[in-house]
Amino acid sequence: MGKKIIFTVLFALTTILAQAQQIKVEYENKISSLPELIQQYFEMQKVQHSRLTIKGNFNGKRAKIRKVICDKGSFIEREMLADYVHFILVDSLETLDFMAIPYGKDSIRISCFYPSNYNRVIFNDTVRIDNMKILLETFTSGDSTDIPIIAYSMGVPIKDGTWYCGLRDSGVEPQKWHEKYGIDGYIFYTIRLEEDTPPDNKMPIYIKIAKQDAHAIHQQ
């Protein structure tokens, strides 16, 4: 009986780790490749950008994106895509663009684009602006099926400043930044892959976002 329980636990742990290793993420700042005048304009407007190249065996899996907010060590989670939006990843290599730009007096607008589908906006999110925070690479495998892909955060606090590279290269998953470094008030976005299911006939709207066969259906 004890061996059976141990086997079950090991199988569950292996499954979780395998799911967490489903993707790898590489980052690139495309602004640096733009003409100099455009770069200067973006610098003046405080535009931030990060292109995510996501690699994995997707095989038509549905991607769900979640926002996680750290508030005094407590974490609040919110789905960024409605249930009727099915974001389907097909190839072994997919791309997402994240851009952030000041919005209003005290906010920043963070947008996620899917360039492979005519620069389709996957979501827009508005958060409180903080001049000490930037779009920050976050990818770590961790032990969760919700894989962190990008954050809006300050770096590791040091004397007279903040150390972004120290946080970027630490390998510490965002869920542990508050505990390990005392960082607070940051947000990060995660991606979770799951098998896609056909649309429910009771659902009045169905939107499929993909490289091919993207469509929207309004059901009666």
* To do: Please round to the nearest 0.5 Å and tell me the distance separating atom CZ of Phe113 and atom CD1 of Ile122.
  => 10.0 Å
* Asked: What distance separates Met99 CE from Ile108 CD1, expressed to the nearest 0.5 Å?
  -> 10.5 Å
* To do: Check Pro157 against Ile183 and note the closest heavy-atom contact, atom names and distance.
  => CD-CG1, 4.0 Å
* Do the side-chain N and O atoms of Gln40 and Glu36 include a donor-acceptor pair separated by under 3.5 angstrom? -> yes
* Asked: Among the clusters formed by ILVMFWY side chains lying less than 4.5 Å apart, do Phe87 and Phe58 turn up in the same one?
  -> yes
* Using a strict cut-off of less than 4.0 Å between a Lys/Arg side-chain nitrogen and an Asp/Glu carboxylate oxygen, indicate whether Lys176 and Glu173 qualify as a salt bridge. => yes
* To do: Look at atom CD of Gln212 and say whether more than 12 heavy atoms of other residues, nucleotides or ligands are closer to it than 6.0 Å.
  => no
* Structure fact -> Heavy-atom closest pair (Asp146 atom, Arg66 atom, distance to 0.1 Å) is OD2-NH1, 3.3 Å
* To do: Could you check whether the rings of Phe123 and Phe98 sit parallel, tilted or perpendicular, using 30° and 60° as the cut-offs?
  => perpendicular
* Nearest heavy atoms of Leu135 and Tyr152, plus distance in Å -> N-CD1, 4.2 Å
* **Whether Asp91 side chain and Leu93 backbone form a donor-acceptor pair below 3.5 Å** => no
* Do the non-hydrogen side-chain atoms of Lys208 and Asp213 ever get within less than 4.5 Å of each other? -> yes
* **Stepwise side chain to side chain contact (heavy atoms under 4.5 Å, CB included) check, Thr95 with Ile54** => CA-CA 6 Å; Thr95 301; Ile54 306 174; over 6 Å; no
* Asked: Hey, any chance Ile150 and Ile110 share a hydrophobic cluster, counting ILVMFWY side chains that come within less than 4.5 Å of each other, even indirectly?
  -> yes
* To do: Taking atom CD of Glu77 as the centre, report whether more than 12 heavy atoms of other residues, nucleotides or ligands fall under 6.0 Å from it.
  => yes
* Please check if Tyr84 and Leu89 belong to a single hydrophobic cluster, counting links between Ile, Leu, Val, Met, Phe, Trp and Tyr side chain heavy atoms closer than 4.5 Å. => yes
* Asked: Does the pair Glu195/Lys61 count as a salt bridge with the N-to-O cut at 4.0 Å?
  -> yes
* Return yes if a side-chain donor-acceptor contact under 3.5 Å exists between Thr126 and Arg109, otherwise no. => yes
* In Å and rounded to the nearest 0.5 Å, what is the OG1 to CG distance from Thr138 to Leu167? -> 9.5 Å
* Report whether Ile209 and Ile149 are members of the same hydrophobic cluster (ILVMFWY, side-chain heavy atoms less than 4.5 Å apart, transitive linking). => yes
* CG/Asp130: more than 12 non-hydrogen atoms of other groups inside 6.0 Å -> yes
* Side chains of Asp97 and His49 in contact at under 4.5 Å (non-hydrogen atoms) -> yes
* What closest approach, in Å, do Lys180 and Val172 show between heavy atoms, and which atom pair accounts for it? -> CD-CG2, 3.7 Å
* Closest approach of Gln39 to Ser32 (non-hydrogen atoms, all atoms of both residues) -> NE2-O, 3.2 Å
* side chain to side chain contact (heavy atoms under 4.5 Å, CB included) between Phe42 and Leu34: does it pass, once the steps are laid out? -> CA-CA 10 Å; Phe42 278 10; Leu34 296 175; 3.7 Å; yes
* **Salt-bridge contact Lys30-Glu28 (side-chain N to carboxylate O under 4.0 Å)** => yes
* What's the spacing between Ile134 CD1 and Ser153 OG if we round to 0.5 Å? -> 8.5 Å
* Asked: Can Met80 be reached from Ile23 by stepping across I, L, V, M, F, W or Y side chains whose heavy atoms are under 4.5 Å apart?
  -> yes
* With side chain to side chain contact (heavy atoms under 4.5 Å, CB included) as the test, would you mind laying out the steps for Asp184 and Cys70 before giving the verdict? => CA-CA 6 Å; Asp184 192 35; Cys70 177; 3.6 Å; yes
* Asked: Do you know the tightest heavy-atom contact between Asn117 and Ala210?
  -> ND2-O, 3.4 Å
* **Parallel, tilted or perpendicular: rings of Tyr186 and Phe75 (30°, 60°)** => perpendicular
* So do the side chains of Asp196 and His86 get within less than 4.5 Å of each other, counting heavy atoms only? -> yes
* Within 6.0 angstrom of Lys46 NZ, more than 12 heavy atoms from elsewhere -> no
* Between Tyr189 and Asp125, do the side chains contain an N or O donor and an N or O acceptor separated by less than 3.5 Å? -> yes
* Candidate pair Ile129 and Val127, rule side chain to side chain contact (heavy atoms under 4.5 Å, CB included), full reasoning -> CA-CA 6 Å; Ile129 196 170; Val127 301; over 6 Å; no
* Report yes or no: do Tyr114 and Glu94 form a side-chain donor-acceptor pair below 3.5 Å? => yes
* To do: Give a yes or no on whether a salt bridge exists between Glu79 and Arg192, defined as a side-chain N under 4.0 angstrom from a carboxylate O.
  => yes
* To do: State the OG-CD1 distance between Ser33 and Ile38, to the nearest 0.5 angstrom.
  => 11.5 Å
* Quick one: are Val68 and Thr190 in side-chain contact, heavy atoms under 4.5 Å? -> yes
* Would you mind reporting whether Ile207 and Ile205 have side-chain heavy atoms less than 4.5 Å apart? => yes
* Structure fact -> OG of Ser107 to CD1 of Ile101, rounded to nearest 0.5 Å, is 13.0 Å
